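Since we're looking at a predicted model, the values are computed, not measured. Below, each value reflects all heavy atoms present in this structure, side chains not excepted, and no hydrogens, waters or symmetry copies.
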Amino acid sequence: MPTPGTPVYNPYDFANPVENKSLFIGRRDELLELNYYLDHARTAPRPIHAVILGRRASGKTSLMNMAQESATAKGYCIVRVNLNDSDAQSSLGFLFRLYDAILTSAVTAGLYGGPLSQTFASYLALVNAFDHDPSKDPRFPLLFPVQYALAMQKGNTDRPVAETTYTTDLIRIAKDLSRPILLLIDEASVLANSKLQLQLIRNLFMTLHNYMLIMAGLPDLIATIDEVFSPVVRQLKKITIAQFKTIEETRSLVTIPLESIGIAPEKMFDFNESLRDIHDLTGGRPYEIQLVCHTMYRRV
């Protein structure tokens with residue numbers, strides 16, 4: 001138990017995805033599946049990518065966080081992108097967001113001399129000031145930033161992206177980094193009405209070695225994915241998450257946060273009655289379980 005008089009925070013965090021593996025409850029089968037495909041992607045000629053589907057606050061981002069932790073332990077370079085509505089409007093802007101996240105993560109991991117190198121400074125000048133002057137750094141090793149800078153200089157924001165140039169750069173980044181790369185795309189539902197962006201993802205990432213893609217979005221994303229990736233089962237592994245099906249999962253979500261701050265759960269709950277009430281009231285939805293428990297803890 002905590003020392004009497006010592007302030008103890010409310011351990012039921014309903015407002016944020018889970019980042020601490022010790023507080024991640026359930027989803028065992030889903031995480032095992034993601035781990036299998038992470039292992040597969042490190043050695044197979046072509047990876048099998050995944051899409052996590054679920055309602056809002058169902059735990060998609062928490063599951064993605066756990067996949068990220070596993071991938072880090074397996075030696076992946078982690079790239080994280082949270083999409084917003086503007087990413088569905090411009091193909092050039094969308095692909096630049098992915099590219100910038102990939103390159104920045106690789107450079108942060110030590111590629112091309114790291115984030116303080118002249119090479120990365122040249123890249124920043126290209127993509128932020130559209131400053132294209134080969135005499136400043138003629139050894140700049142990548143092509144897409146130059147294409148992007150020239151298009152932006154001329155205001156050609158709708159210019160089609162040269163896919164060969166883009167994939168050549170991605171291949172080189174992975175080869176020079178000598179590590180597999182995991183690209184995590186959260187809030188992918190903004191692409192539900194943007195077949196073009198999903199087609200670009202399919203064309204650019206489905207055949208790349210040393211890259212694995214995990215997207216997360218609402219169930220409405222699947223209709224567009226099915227159309228673009230048909231047959232979807234060959235190119236993407238669908239992982240659907242829903243409410244907890246067993247009361248034991250609810251029990252773990254009630255007890256483990258208390259134990260993490262040194263409080264014995266039986267001191268707070270009557271598990272003969274309260275647990276069933278919580279499970280039935282929330283329908284086993286993790287967000288609502290956390291919210292109910294947060295409120296009960298606050299009152300106690």
Side-chain angles (χ1 to χ4, degrees), residues 17 27 29-41 44-68 70-71 76 78-102 160-161 163 166-167 170 180-243 285 287:
R27 316 302 187 198
D29 292 342
E30 293 87 345
L31 191 54
L32 283 173
E33 243 185 329
L34 287 171
N35 273 307
Y36 167 80
Y37 289 110
L38 285 166
D39 288 334
H40 175 83
R46 293 184 182 180
I48 297 173
H49 305 283
V51 55
I52 301 170
L53 299 170
R55 295 189 172 196
R56 290 206 178 277
S58 62
K60 299 184 298 299
T61 301
S62 296
L63 180 59
M64 186 175 277
N65 289 343
M66 296 304 104
Q68 174 177 332
S70 294
Y76 277 84
I78 306 299
V79 182
R80 194 87 182 233
V81 178
N82 296 315
L83 298 183
N84 53 57
D85 289 339
S86 65
D87 294 312
Q89 297 170 9
S90 164
S91 296
L92 182 62
F94 172 68
L95 288 179
F96 171 70
R97 275 212 70 195
L98 299 186
Y99 186 98
D100 181 69
I102 291 169
V161 174
E163 293 182 11
Y166 197 90
T167 54
L170 294 185
I181 294 173
L182 174 64
L183 176 58
L184 299 164
I185 301 180
D186 207 351
E187 301 297 340
S189 287
V190 302
L191 305 178
N193 297 314
S194 182
K195 285 174 58 178
L196 179 58
Q197 263 73 322
L198 286 172
Q199 287 168 346
L200 287 170
I201 288 176
R202 179 196 64 198
N203 295 342
L204 293 169
F205 288 94
M206 291 302 108
T207 60
L208 286 177
H209 181 60
N210 273 337
Y211 282 86
M212 182 176 173
L213 171 67
I214 300 177
M215 295 188 289
L218 300 174
D220 63 351
L221 178 63
I222 197 58
T224 312
I225 284 180
D226 277 334
E227 186 175 353
V228 172
F229 286 85
S230 180
V232 66
V233 293
R234 191 182 70 187
Q235 300 187 26
L236 279 174
K237 175 61 182 177
K238 288 191 290 185
I239 297 176
T240 302
I241 58 174
Q243 66 272 21
R285 290 177 286 272
Y287 162 78

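Residue Asp220 qualifies as enclosed at atom CG: its count of foreign heavy atoms under 6.0 Å is above 12. Taking a 6.0 Å sphere around CG of Asp85, one finds it holds 12 or fewer heavy atoms contributed by other residues, nucleotides or ligands.
Here Asn203 contributes atom CG and Leu198 contributes atom CG; the two are 11.0 Å apart, rounded to the nearest 0.5 Å. Atoms CD1 and CD, from Ile241 and Glu30 in turn, are 7.0 Å apart once rounded to the nearest 0.5 Å. How far OG1 of Thr61 is from CZ of Arg80: 6.5 Å, rounded to the nearest 0.5 Å. To the nearest 0.5 Å, atom CD1 of residue Ile181 and atom CE of residue Met212 are 14.0 Å apart. Atom CG of Leu213 is separated from atom CD1 of Ile185 by 5.0 Å, given to the nearest 0.5 angstrom.
Tyr166 places a side-chain N or O within 3.5 Å of a backbone atom of Leu95 that can act as its donor or acceptor partner. Proximity of a side-chain donor or acceptor of Tyr211 to a complementary backbone N or O of Leu170 within less than 3.5 Å is detected.
Contact between Leu221 and Ser189 at its shortest, heavy atoms only, is CB-OG, 4.1 Å. Taking both residues in full, the closest heavy atoms of Glu163 and Leu200 are given as OE2-CD2, 3.8 Å, listed atom of the first, atom of the second, then distance.
Counting heavy atoms from C-beta on, the side chains of Phe94 and Val190 never come closer than 4.5 Å.
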Applying side-chain contact (heavy atoms from CB on, under 4.5 Å), run through Gln197 and Asp87 and close with a yes or a no. CA-CA 9 Å; Gln197 263 73 322; Asp87 294 312; over 6 Å; no
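Ring geometry, His40 versus Tyr36: the interplanar angle falls under 30°, so the pair is classed parallel (tilted spans 30 to 60°).
Every pair tested for salt bridge (charged side-chain N to carboxylate O under 4.0 Å, His left out) that includes a residue from residues 196-212 fails, sequence neighbours excluded, so the list is empty. Note on residues 50-65: pairs passing salt bridge (charged side-chain N to carboxylate O under 4.0 Å, His left out), not counting sequence neighbours, are Arg56-Glu187.
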